[in-house]
Every structure is written in C-alpha cells, then in structure tokens.
Amino acid sequence: MESITFETLPSAVSLILDKVEKIETSLATLEKPATEEPDRWMNIEELMEYHPDKPAKKTVYDWVTLRKVPYHKDGKRLRFLKSEIDNWLKSAYHKTEEEMYEESIRFVNSKREGRR
C-alpha cells in the first residue's frame, strides 16, 4: 500500500468513492426481493390454464355466476387479474380438524372466564 500525499489525495478519494459505489450497488442487489412477475390480465382460457386444478370452462362460468371468483367484465368479456386470483386461491385455506378443535377449546375457555 503506497502512502497518500497531498498531491495524490484527489485520485485516492476518487478511488475510494468508486469502491464504495460498487459496494453499495452490490448490497442493493442483495437487498432486493426476488423479482416478482408483474400483475397481468387473464382471459378465461388463461385462467383455466393458470388455476392449479385446470377447471373446465363451465366451472369457471359457474364460479362467476355464483361470485366465487374475483372477475371484471369488459363488455361481454370476462377478465381476471392475476393478483386477485392468487389472493383468492390463498384464501381458500381450510383448517385441519386439530386446528378447529384447538380453536373451539380456546373459545369455550374464553366464555368460561367471562362468566366469573
């Protein structure tokens, strides 16, 4: 490592700034979450292909009629937003028997405590 003099100070500072910038860039790429696919619109065929169960067209129409699936209507065309479909699929979680049993025990115990 060579010593820094008054004459070499500007170039040394420039070198340090370049290195700091490279470090910041490297850290910024590490901090970024995995790149998410941008939200997109799907038609009924794309929804049928995207859905894990690969439902029939009639099934999707039944869901729309019963308002079970989030949808948008553009004139006569049905449109589905991927983010809304993802949220809808995630919300379809059903508790296990054990989870329901534990929840019922907590509920009964909370009612007992309320009577005292």
Side-chain angles (χ1 to χ4, degrees):
M1 181 168 201
E2 63 183 83
S3 62
I4 299 175
T5 64
F6 186 72
E7 289 81 27
T8 60
L9 185 62
S11 62
V13 169
S14 177
L15 180 65
I16 290 171
L17 290 175
D18 287 343
K19 289 186 177 194
V20 167
E21 187 176 332
K22 287 179 183 177
I23 292 171
E24 286 176 337
T25 303
S26 296
L27 289 174
T29 57
L30 291 176
E31 291 174 356
K32 288 182 184 175
T35 55
E36 293 182 16
E37 182 180 317
D39 210 3
R40 66 183 177 95
W41 289 99
M42 297 185 285
N43 60 29
I44 196 164
E45 287 80 15
E46 291 168 325
L47 173 65
M48 291 165 41
E49 182 62 32
Y50 180 73
H51 193 283
D53 296 335
K54 309 292 188 238
K57 194 178 245 185
K58 182 181 179 336
T59 302
V60 176
Y61 279 121
D62 289 345
W63 290 342
V64 169
T65 301
L66 297 172
R67 297 186 180 272
K68 287 188 172 186
V69 64
Y71 70 93
H72 300 263
K73 205 163 183 185
D74 177 19
K76 291 185 177 184
R77 289 185 262 178
L78 290 173
R79 297 282 184 236
F80 306 91
L81 199 54
K82 182 184 174 296
S83 62
E84 292 176 351
I85 297 301
D86 288 340
N87 290 335
W88 173 67
L89 289 170
K90 289 176 189 172
S91 71
Y93 171 76
H94 295 285
K95 295 178 182 175
T96 65
E97 283 187 33
E98 184 177 329
E99 289 171 326
M100 289 190 298
Y101 176 76
E102 290 172 0
E103 188 175 320
S104 66
I105 295 296
R106 282 193 301 273
F107 176 77
V108 169
N109 289 338
S110 72
K111 293 299 177 186
R112 285 183 183 160
E113 291 171 4
R115 283 193 269 157
R116 293 182 191 172

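Side chains included, hydrogens not; waters and symmetry mates left out as well; all remaining heavy atoms used.
R112 has its side chain within reach of N109: a pair of non-hydrogen atoms, C-beta onward, lies under 4.5 Å apart.
Alongside Y61, the hydrophobic cluster contains M42, I44, L47, M48, Y50, V60, W63, V64, V69, Y71, L78, F80, I85, W88, L89 (criterion: ILVMFWY side chains under 4.5 Å).
E84 contributes atom CD, which lies 3.5 Å from atom NE2 of H72 (distance to the nearest 0.5 angstrom). Rounded to the nearest 0.5 angstrom, T59 OG1 and K54 NZ are separated by 14.0 Å. Atom CD1 of I105 is separated from atom OG of S110 by 11.0 Å, given to the nearest 0.5 angstrom.
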Show the atom names and distances, to 0.1 Å, of all donor-acceptor pairs under 3.5 Å that link a side chain in residues 15-23 to residues at least two apart or in another chain.
none

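The side-chain contact (heavy atoms from CB on, under 4.5 Å) check on E45 picks up N43, K57, with sequence neighbours excluded.
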Original post:
After noting the C-alpha distance and the side-chain angles of T8 and T5, does the key distance pass the side chain to side chain donor-acceptor pair (under 3.5 Å) rule?
Top reply: CA-CA 5 Å; T8 60; T5 64; 3.2 Å; yes
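Between K90 and D86, none of the side-chain N atoms (NZ, or NE/NH1/NH2) sits under 4.0 Å from a carboxylate O, so this pair counts as no salt bridge.
Atom CD of E97 has 12 or fewer neighbouring heavy atoms from other residues, nucleotides or ligands inside a 6.0 Å radius.
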